[in-house]
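Remarks on the structure that follows.
Below, chain A is the first sequence line, B the second, and so on; all start at residue 1.
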Amino acid sequence: MAKKPSDDQEQDGGKIGGKIATRADDYPQWYQDVIREAELAEPAKVVKGCMVIKPHGYAIWEKIQRDLDARFKATGHRNAYFPVLIPQSFITKEAEHVEGFAPELAVVTHAGGEQLEEPYVVRPTSETIIGYYFGKWISSYRDLPLLVNQWANVMRWEKRTRMFLRTTEFLWQEGHTAHASHEDAKDEVERMLNVYGDFAEQVMAMPVIRGIKTDSEKFAGALTSMCIEAMMQDGKALQAGTSHDLGQNFGRAFDVKFQTEGGGLDYVWQTSWGVSTRLVGGLIMTHSDDAGLVLPPRLAPIHAVIVPIYRKEEEHAAVMEAAERIKAALSEIDISPPRSRYRDFVEVVIDDRPLRPGAKFYEWERRGVPVRIELGPKDLAKGQVCVKMRVDSAAGSGKEFIPEADFIAGFRARLDTFQSELLRLARARMHARMVTIDTWDEFLAAFSGEQSTFAWCHWDGTRETEAAIKEKTKATIRCIPLPGQGPDPEPGTCVFSGKPSRQRVLIAKAY
RNA sequence: CGAGAUGUGGCGCAGUCUGGUGAGCGCGCCGGUCUGGGGGACCGGAGGCCGCGGGUUCAAAUCCCGCCAUCUCGACCA
C-alpha cells in the first residue's frame, strides 16, 4: 500500500528483469527472488504446494543425479523402479511408520470412474512396497545383500511449502538395502552417509556436519537415522541427506525372512537413504549472493558465457569468429571430476543477442554462470580475453586480461579453483558462525527472534529437554556429531537442565 | 490446519476506503534508427475475462458472500 509507486523502482533504477531482495533485508524474499530471477522454478499455481522446475533448475538436478548415480553404482547398487501408488494397508503395517506419515498422505479412492476396493496412497516414501517385494525376492543369505536404488517422485501433504525445500511433490532418490546382519546394515548406513557427505562437499561445495538424529527426529520406523546438516547463510540448518538403519522393523512387518548360513531363519536387516531436490535449495542458500545465483562449476549447466563487444559490423564478424573459436576450444576440455565414471565437458554459450553488454552481464550473473568472457576488438588485437569470475565481491571490478591460449590452457584449473574457493568460503562462513554455548542466557541470546547459528551444547539426552528447548527457542537438536564432526566428546552439564551430559550436540533452527 | 498479508499485462506496482472519466505507471517484450568494455537514447507498437464463482446495483478492479492460490509467522515434516 505504499503511496509512492516509484519507491521500489528508485532502488534499482531501470534494471532489466525483476528485482532481488538483499539477504540482509529479507532473507526469505531473497530466496524466492533468486529462484525466480535465475529461472530455476516457479510455484505451480494451479496445483497447491507444487512447483514447476524450469529447464535451468532441472539441469542442476540432472547434474546432481548424474554424479550421485555414479556414486551409487560404484558402491554396488542398482537402480529399480516401484509403483507410485501403494496399497493403503501396506503403510499401516509398521506402527511408527504409519504414525509418522499418516497425516501427510494423499489417497486415491477412485479410479476408472469407480470407487476402489482398497484405496492407494501416493507414495510418501517406498519402504513398505519395497519391503513387500524384498519379501518375495529374498529367501537365502545368498540373496543378500540386496542393494537397490530408485529415482522417483514422492508426495507428502505438507502444511507449509517452500520452493525446493519442502513441496508437496518432490523428486528424490531412495536407496533400499537388505542385509544378513545388523553389522552389515550399519556399515551400509554409514557408507551411504559418507557418499552424501563427500558429494555435498566435493560437488556442491557445501560443507556439512555428519551426525546421528535424536530419537524424536529420526525417520518414522527406523532404529536410528544418520544425517548431514548444512548451514545456510542465515545460520539455519538444512538437513541435506539422511541414511537410516531400519533394523528388522520392516523385515518383521513384511515378513522378509531368509535362511541363514547356519540353516536358521531370520528377518533381514534393512537400510534406506535419500536425498531430494531440496539439495537445490541448499545450493542456493549456501553460495548465492545479492546479485543472484552462484553455482559451483561441478553443478553448473553452463560454465562460461562469451559476451561479444563491438561497434561496427566488421568488428562484430571478427569478434564472433573469435568467440566461436574460443567456444570450440573450451568445449573440448574434459572437466570430469577425479575418478568419476562419467565424462563432463565445458559448456559454453555465446550471447549474441542485440542487447547492451551490461544487460547481459547482469543476466548471466543472476543465473550463476561461473565464468564470463568479454570479447571485443581490443582483445582480438592483443590476442587476449577479458575474464570475470562469478564471485561474491562481484560488480564492476575483478576483470582479468589473459592471453587467449593461456586462458584456454588454464580453464580447467580455473574452474577447479573456483570450485574449491566456494567450498573454502562456505566453510569459513560456517565456522565463523559456530559457537559453543554453555549457559541458558547465552543460548537464548543466540536464538532470539529470527536468529540462528550452529551451537554446540551439552544436552542431558532426554526427550523432555529437547522438546523444551524447541518450545522456548524454535531451535532443535540437529544431530549428535560423529567423531571428528564436532567438538571432542567431554563430559559437561546440559545447557538447559544442568544435568550431566556426555558430549555436545549440534543445535540450530532448521528449514 | 490456525493467524496475518497479498492476488490488476512477463516482473514490480498504483487505482479499491468514497462504485461511474478510455484500466494506468516503471521495467521487460515487438519493429526501427543511432548505439555497444556494467542495466543506453529516441520514435512507433503489441500485450489485461483486474485470482475464480456467486450476489448487490442502472453501473463493480472497487461493495457483500464463498472458494482458490501465493507469501510471512505458528503447529508438522526431506
Using the P atom as the point on both nucleotides, what is the distance between B:C58 and B:G44, in whole Å?
44 Å
How far does the P atom of B:U8 sit from the matching atom of B:G48, given to the nearest Å?
15 Å
At 4.0 Å (heavy atoms only), tell me whether A:Thr242 reaches a base, stays on the sugar-phosphate, or touches nothing.
nothing
For atom P, what is the distance between B:C27 and B:C65, given to the nearest Å?
39 Å
Does the aromatic ring of A:Tyr362 sit over the six-membered base ring of B:G39, closer than 5.5 Å centre to centre and tilted less than 30°?
yes
Between atom CE in A:Met51 and atom P in B:A78, what is the gap in whole Å?
18 Å
Under a 3.5 Å limit for both distances, which nucleotide forms a Watson-Crick or G-U wobble pair with B:C27, could you say?
B:G10
Which base sits across from B:A5 as a Watson-Crick or G-U pair, both distances under 3.5 Å?
B:U70
Please determine, for B:G39, whether a Watson-Crick or G-U wobble partner exists with both distances under 3.5 Å, and give it or none.
none
Using a heavy-atom cut-off of 4.0 Å across all strands, would you classify A:Pro357 as base, sugar-phosphate, or nothing?
sugar-phosphate
Tell me whether A:Phe170 and B:A78 count as stacked here, given that the ring centres must be under 5.5 Å apart and the planes must differ by less than 30 degrees.
yes
Earlier contact from the 5' end, RNA chain B, for A:Lys312 and A:Phe101
A:Lys312
With distance as the sole criterion, is a donor-acceptor pair present between the side chains of A:Tyr511 and A:Asp234 under 3.5 Å?
yes
Specify the separation, in whole Å, of atom CD of A:Glu315 and atom C1' of B:G37.
12 Å
With distance as the sole criterion, do the side chain of A:Glu365 and the base of B:G39 form a donor-acceptor contact below 3.5 Å?
no
Contact class for A:Leu279 vs. all strands (heavy atom < 4.0 Å): base, sugar-phosphate, or nothing?
nothing
Taking only the C1' atom of each, what is the distance from B:G7 to B:G53 in whole angstrom?
16 Å
Are A:His56 and A:Tyr58 close enough that some pair of their side-chain heavy atoms sits under 4.5 Å apart?
no
Looking for any heavy atom pair under 4.0 Å, which part of the strands does A:Thr476 touch: base, sugar-phosphate only, or nothing?
nothing
Under a 4.0 Å heavy-atom criterion, the protein footprint on nucleotides 67-73 of chain B, written with B, S and -, is --SS-SB
Using a heavy-atom cut-off of 4.0 Å across all strands, would you classify A:Lys378 as base, sugar-phosphate, or nothing?
base
Classify the nucleic acid contact of A:Gln239 as base, sugar-phosphate or nothing, counting any heavy atom under 4.0 Å across all strands shown.
sugar-phosphate
With sugar-phosphate meaning primed atoms plus P, OP1 and OP2, does A:Arg353 contact a base, only sugar-phosphate, or nothing at under 4.0 Å between heavy atoms?
nothing
Just checking A:Gly274: base, sugar-phosphate only, or nothing, at a heavy-atom cut-off of under 4.0 Å?
nothing
In whole Å, what is the span from the CD atom of A:Glu313 to the P atom of B:G36?
14 Å
Separation of the P atoms in B:C73 and B:A60, to the nearest angstrom:
39 Å
Hey, does A:Lys470 reach any base, or is it just sugar-phosphate, or nothing, if we go heavy atoms under 4.0 Å?
sugar-phosphate
List the residues meeting salt bridge (charged side-chain N to carboxylate O under 4.0 Å, His left out) with A:Glu201, not counting sequence neighbours, and say none if there are none.
A:Arg210, A:Arg427
Rounding to an integer number of angstrom, what distance separates B:U56 and B:G9 when you compare their P atoms?
28 Å
A:Glu96 atom CD, over 12 foreign heavy atoms within 6.0 Å:
yes
Nearest-angstrom distance, C1' atom, B:G39 to B:C11:
15 Å
Separation between the C1' atoms of B:G74 and B:A46, rounded to whole Å
46 Å
Base-pairing mate for B:A59 - Watson-Crick or G-U, with both contacts under 3.5 Å
none
Using a cut-off of strictly less than 4.0 Å, decide whether A:Arg356 has a side-chain nitrogen or oxygen near OP1 or OP2 of B:G39.
no
Would you mind classifying the nucleic acid contact of A:Glu158 as base, sugar-phosphate or nothing, using non-hydrogen atoms under 4.0 angstrom?
base
Please state how far atom CG in A:Leu355 lies from atom C1' in B:C29, giving the value in whole angstrom units.
11 Å
